[in-house]
Number of protein chains: 2
Amino acid sequence: MTIQQVATEAGVSPSTVSNLLNGRNHRMLPETRQRIERAIDKLGYRPNRAARQLRTGRNTTIGLVVPSVGNPFWGALARHLESAALAEGYHVLLCNSERDPRRERDYVDELWADGVHGVVLCSSLPSLEHVMPLVERGLQLVAFDRTSQAGDPASLVSISVDNAIGSQLATQHLTDLGHRRLAFVSGALASVNRKERYRGFTAGLEQAGIDPETSVRAPVKGDADDFGDVEASELGRAAAAELLALEEPPTGIVAINDMCALGVCRGLRDGGLEVGKDVSVVGFDDIVLADLYAPTLTTVRQPMQEMAAAAFTQLRSRLDDSGPTQGQSLLFRPELIVRESTAPPS
Amino acid sequence: MTIQQVATEAGVSPSTVSNLLNGRNHRMLPETRQRIERAIDKLGYRPNRAARQLRTGRNTTIGLVVPSVGNPFWGALARHLESAALAEGYHVLLCNSERDPRRERDYVDELWADGVHGVVLCSSLPSLEHVMPLVERGLQLVAFDRTSQAGDPASLVSISVDNAIGSQLATQHLTDLGHRRLAFVSGALASVNRKERYRGFTAGLEQAGIDPETSVRAPVKGDADDFGDVEASELGRAAAAELLALEEPPTGIVAINDMCALGVCRGLRDGGLEVGKDVSVVGFDDIVLADLYAPTLTTVRQPMQEMAAAAFTQLRSRLDDSGPTQGQSLLFRPELIVRESTAPPS
DNA sequence: AGTCACTGGTGCATCGATGCACCAGTGAAG
DNA sequence: CTTCACTGGTGCATCGATGCACCAGTGACT
């Protein structure tokens, strides 16, 4: 099925069909238009993407670079992004960087070489310098789960949840329940997002009249760039053990993310404590597991669907030239989801 | 960077460069070859995929249709498949069917229309009739997590773990530990894979000299086509409650998959029993969560990485015309992973 | 009558890579 | 001397869609 066949069927020239297909039909007779549309239906014609891309240099594929879709958090993003893209006829090319900066960079290079002009990048790296050259040549980039920073390219769109508010909600929830001795469990506060979450934690404490200095921040080493990974859960488990060894262990724990929180729960159980009774734990992300674990996990939900949709919309409008070229930061409002892992202190 | 520029740089014609790029260099002077290769390096040339595809009708993209990458099981597949494909310069186009048969079909149609000739299909449907027309036109299909059946197209490749052996291993593990009252928890045994797993269960019982009739098969209704989903866990939870209501509840439980097993664990805990002590539970799949849950879950591992690699290899060889055109079934050997959720009966 | 704008389209070169058909030159066989 | 195979390439039409430049016809105005 080529455009030529459609044209013949409709008794017009290929150009006219092309015009209609591309919205240049202001001065086209309604009747001509109908003839073409009927021909398209009848023949089941679909434009050849390769030809179209060859000619125009554009395409309807966007790239998604995540650390690993094996991880439910990124899997959820992939699912929602693809869903949003599908609705507009776009496709998503999936790329797992496996947290390898080089692989990440190679992927973005290859996507560009393949004519992909829009990429959602979930970078493990604090700096985006490795992709700057392509951005300068016109690559549209959306950074996901990463708030914008000085030094970012001017055209960059950043999409993230408001991390400070999120963990403030979590903290407030604990203080509202009556907890006074709280701890924050995280890997090194290397990324902006993590710092923000910590800031929200201290803000929550202050609001409840608790001196942040007396609260515990579990001192945990470890790689800073893992979100939602197995390592995060091990980290949480170790942190829980440390906290339990204190003279006055905390009764409420805010974890940097859900996987970490699950690790904390496990560590507490190792220590003979019951989560949701002896100790309260709050996570962050609301991954699927949160509602499956025993006890179910109170957590701060990132509105993944909306965030993914926004990522797509932003990319799309820029690819169309219809949107702004200036970059911007989108901060989404997190939501506290109360489940079984939190309760008043015993 | 076009092939023309490379040709000019190397002092040959574009055809010659194309010949080299496509392996038609049997009778090419080594010196010519080197000149071209140097030119390619120097200019950083990469063939334009769109042009190549337009001309040849082929491309280096394969489709992956899964129910949902939000699910860790499929996420893991996506990750490994993409990894295997990447190593050969292929790309993976990700499609979430969301268990919607129509969407699944539309996706396969669209992939075909876009020139994708190879698809890994993880169908929710027992029959593949909806994609038969395309297979007849040359679409190469690999069915994943689904053993082949009568009525399948002759060219179909099926990749799956040996489900019977897997659950037999699980069952044997329990009987070896001394359990004599066992139950099998699953949704309706509608799919071949599920029947196979049940068959392995009964085989394991017989081998231990236990009459399968005396064993309990938790009677659970529900949709038959969900693997590894949230629903599966709810199903497991309900089943556990039912089992506990029996006069002589089983001491060992084999679940149809890990999510279901986690649900069972939760249901048992609801009933005041401790998993890995009062009752033993075995899952199937070895998803990431299995090692995170409390207690960690004994389960039957599907060698996902090998299976994904095989899926790609099969597709690739058929796309090249270098492989067999006859379909085949690949059954992988599962492996029992013993963790904390199983122990001798108390 | 001449100029102009406008209408509803169409012609054609073009994007970059491909691979069949072909070529000129050479040496060997008949 | 003719025929033929072989060597190491090259010329060119082609894939399908695009969109600029252009066209013929008509009516309005100066």
By side chain to side chain contact (heavy atoms under 4.5 Å, CB included), B/Ser329 pairs with (sequence neighbours left out) B/Ser148, B/Ser158
For C/dG30, the nucleotide meeting Watson-Crick or G-U wobble distances (both under 3.5 Å) is D/dC1
Numerically ordered, the residues 26-38 of chain B set in heavy-atom contact under 4.0 Å with DNA chain D is B/Arg27, B/Met28, B/Leu29, B/Thr32
Tabulate protein N/O versus nucleotide N/O from nucleotides 14-17 of chain D, keeping only pairs under 3.5 Å, one per line.
| unit_1 | atom_1 | unit_2 | atom_2 | d |
| --- | --- | --- | --- | --- |
| D/dT14 | O2 | B/Arg55 | NE | 3.3 |
| D/dT14 | O2 | B/Arg55 | NH1 | 3.2 |
| D/dG16 | N2 | A/Ala51 | O | 3.3 |
| D/dA17 | OP1 | A/Tyr45 | OH | 2.5 |
| D/dA17 | OP1 | A/Asn48 | N | 3.0 |
| D/dA17 | OP2 | A/Ile3 | N | 2.3 |

Those residues at least two apart in sequence (or on a different chain) that pass ring-ring contact (aromatic ring centres under 6.0 Å, His included) with B/Phe312 are B/Tyr90
Contacts of B/Arg102 meeting side chain to side chain contact (heavy atoms under 4.5 Å, CB included) (sequence neighbours excluded), chain-then-number -> B/Asp100, B/Asp106
Check: Any donor and acceptor pair, going by atom type alone, linking the side chain of A/Asn193 with main-chain N or O of A/Asp145 inside 3.5 Å?
Finding: yes
In short, salt bridge (charged side-chain N to carboxylate O under 4.0 Å, His left out) pairs touching residues 70-89 of chain A with sequence neighbours left out are A/Arg79-B/Glu98, A/Glu82-B/Arg103, A/Glu88-A/Arg316
So what does A/Val12 touch, heavy atoms closer than 4.0 Å: a base, only the sugar-phosphate, or nothing?
-> sugar-phosphate
For A/Leu331, the side chain to side chain contact (heavy atoms under 4.5 Å, CB included) test, sequence neighbours excluded, returns A/Thr147, A/Ser160, A/Asp162
Worksheet item: Donor-acceptor pair under 3.5 Å: do we get one between B/Ser15's side chain and the base of D/dG11?
Response: yes
Applied to residues 34-44 of chain A, the salt bridge (charged side-chain N to carboxylate O under 4.0 Å, His left out) test, sequence neighbours excluded, yields A/Glu9-A/Lys42, A/Glu31-A/Arg35, A/Arg33-A/Glu37
Hits for side chain to side chain contact (heavy atoms under 4.5 Å, CB included) against A/Ala78, two or more places apart or cross-chain, chain-then-number order -> A/Leu64, A/Val69, B/Val69, B/Leu94
note: A/Asn19, atom CG; D/dC22, atom C1'; distance rounded to Å ~ 13 Å
Scanning all shown strands, the Watson-Crick or wobble mate of C/dC22 with both distances under 3.5 Å is D/dG9
